[in-house]
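Residue numbers run from 1 in the order of the sequence given.
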Amino acid sequence: TSRDNNFLPKNYLDTSAFSSYEVSRFKKDKQMSKLDIFKFAIIVKMNPTEFLQFMTYAGYVWFAGAILMAVFLVVNNVAFAKRTRTHREFYARAPYGGLKVYKLHGTSSPFLLGHNIYVSDDLDKESMDYKYAVCHECCHYSIGDNFWVVVKYIVITLFWFDPLVWMAAILVQRDNEMAVDERVIK
């Protein structure tokens, strides 16, 4: 490893060169310079070259995961949108926002996709279920949920490795649905 160490500080193995203040600061500080990375590698008792190599490989793994997640989300959403557009039948215009309402065979619950509302083909226009469902989806549209779904997907793509982000995405979706339900009931 001597050929890899020509860019390291001369005293990189001498941990006594760092005060306890510096050691505690490096444990807390999130922003580190190149020299700080070497010092941090010493604190975690890892050769700085190995530490940089580990961080490089971790970056590759993160990037590959982010690309796979982005491809997965885009392919699934494009396929879903294509299926809804090819199997839909115009039903009505929503009285609350002027959005088009389509019947879609095989859907179990109404949903908003773009500027269109999709409902099950067994819902009657005169039923209260239909009116509440359309009102619910119009509320989603009026508060800009299409935009927030894209933001959620971007966050999930960037932080695919963090289970707390996945849990937060699920909870945000649940809270959003309850808030829209409350708005419809009022």
Legend entry - Residue list, side-chain hydrogen bond (donor to acceptor under 3.5 Å, both in side chains) with Asp129, at least two apart or on another chain: none
Inset, instruction - Not counting sequence neighbours, which residues clear side-chain hydrogen bond (donor to acceptor under 3.5 Å, both in side chains) with Tyr118? List them please. - result: Arg88
Inset, instruction - Start with the C-alpha distance between Val119 and Thr107, add both sets of side-chain angles, then the distance that settles side-chain contact (heavy atoms from CB on, under 4.5 Å), and finish with yes or no. - result: CA-CA 7 Å; Val119 297; Thr107 186; 6.0 Å; no
Legend entry - Hphob cluster co-occupancy, Val165 + Phe63, side-chain heavy atoms under 4.5 angstrom: yes
Inset, instruction - Nearest 0.5 Å please: distance from the CG atom of Leu113 over to the CZ atom of Arg85. - result: 5.5 Å
Inset, instruction - Give me the other members of the hydrophobic cluster that Tyr60 sits in, counting Ile, Leu, Val, Met, Phe, Trp and Tyr linked by side-chain heavy atoms under 4.5 Å, directly or via other members. - result: Tyr57
Inset, instruction - Name all pairs fulfilling the side chain to side chain donor-acceptor pair (under 3.5 Å) condition that reach into residues 155-169, sequence neighbours left out, sorted by first residue then second. - result: none
Legend entry - In one Ile/Leu/Val/Met/Phe/Trp/Tyr side-chain cluster, 4.5 Å: Val61, Met69: yes
Legend entry - Heavy atoms of other groups near Tyr130 OH, more than 12 under 6.0 Å: yes
Inset, instruction - Go through the structure and list residues passing salt bridge (Lys or Arg N to Asp or Glu O under 4.0 Å) with Lys186, not counting sequence neighbours. - result: Glu182
Inset, instruction - Could you state whether Val75 and Val150 fall into the same hydrophobic cluster, counting links through intermediate Ile, Leu, Val, Met, Phe, Trp or Tyr residues with side-chain heavy atoms under 4.5 angstrom apart? - result: yes
Inset, instruction - Measure the spacing between CG of Asn146 and NE2 of His115 and express it to the nearest 0.5 Å. - result: 7.0 Å
Legend entry - Test side chain to side chain contact (heavy atoms under 4.5 Å, CB included) applied to Leu171 - qualifying residues, sequence neighbours left out: Met167, Arg174
Legend entry - By side chain to side chain contact (heavy atoms under 4.5 Å, CB included) - contacts of Ala169 (at least two apart): Lys152, Ile156
Inset, instruction - Find out whether Leu112 and Asn116 are in side-chain contact, i.e. whether some heavy atom of one side chain is under 4.5 Å from a heavy atom of the other. - result: no
Inset, instruction - State, yes or no, whether a side-chain contact exists between Leu104 and Ser120 at a heavy-atom distance under 4.5 Å. - result: no
Inset, instruction - Could you pull out the closest heavy-atom pair between Trp62 and Leu158, with the gap in Å? - result: NE1-O, 2.7 Å
Legend entry - side-chain hydrogen bond (donor to acceptor under 3.5 Å, both in side chains) partners of Arg183, counting only residues at least two apart: Ser142
Inset, instruction - Taking the side chain as every heavy atom from C-beta outward, state whether Val134 and Pro110 have any pair of such atoms under 4.5 Å apart. - result: no
Legend entry - Under the ring pair (Phe, Tyr, Trp, His ring centres under 6.0 Å) test, residues paired with Phe90 that sit two or more places apart: Tyr102
Inset, instruction - Considering only Ile, Leu, Val, Met, Phe, Trp and Tyr, and joining two whenever side-chain heavy atoms are under 4.5 Å apart, list the other residues clustered with Ile143. - result: Met128, Tyr132, Val180, Val184
Inset, instruction - Determine, stepwise, if the pair Asn176 / Trp148 fulfils side-chain contact (heavy atoms from CB on, under 4.5 Å). - result: CA-CA 10 Å; Asn176 185 18; Trp148 292 111; over 6 Å; no
Inset, instruction - Could you pull out all residues at least two apart from Asp181 that satisfy side-chain hydrogen bond (donor to acceptor under 3.5 Å, both in side chains)? - result: His136
Inset, instruction - Keeping to residues at least two apart or across chains, list the ring pair (Phe, Tyr, Trp, His ring centres under 6.0 Å) pairs with something in residues 64-88. - result: Phe80-Phe111
Legend entry - side-chain contact (heavy atoms from CB on, under 4.5 Å) between Glu137 and Val101, intermediate numbers included: CA-CA 10 Å; Glu137 299 308 325; Val101 179; over 6 Å; no
Legend entry - Rounded distance [0.5 Å steps], CG in Asp124 versus OH in Tyr91: 5.0 Å
Legend entry - His140 side, atom NE2; Glu177 side, atom CD - distance, nearest 0.5 Å: 3.5 Å
Legend entry - In one Ile/Leu/Val/Met/Phe/Trp/Tyr side-chain cluster, 4.5 Å: Val71, Leu73: yes
Inset, instruction - May I ask whether Val172 and Tyr141 are part of the same hydrophobic cluster, defined by side-chain heavy atoms of I, L, V, M, F, W, Y residues being less than 4.5 angstrom apart, directly or through others? - result: no
Legend entry - Pair Arg93-Lys100, side-chain contact (heavy atoms from CB on, under 4.5 Å): steps then yes or no: CA-CA 5 Å; Arg93 280 224 178 249; Lys100 292 179 183 176; 3.4 Å; yes
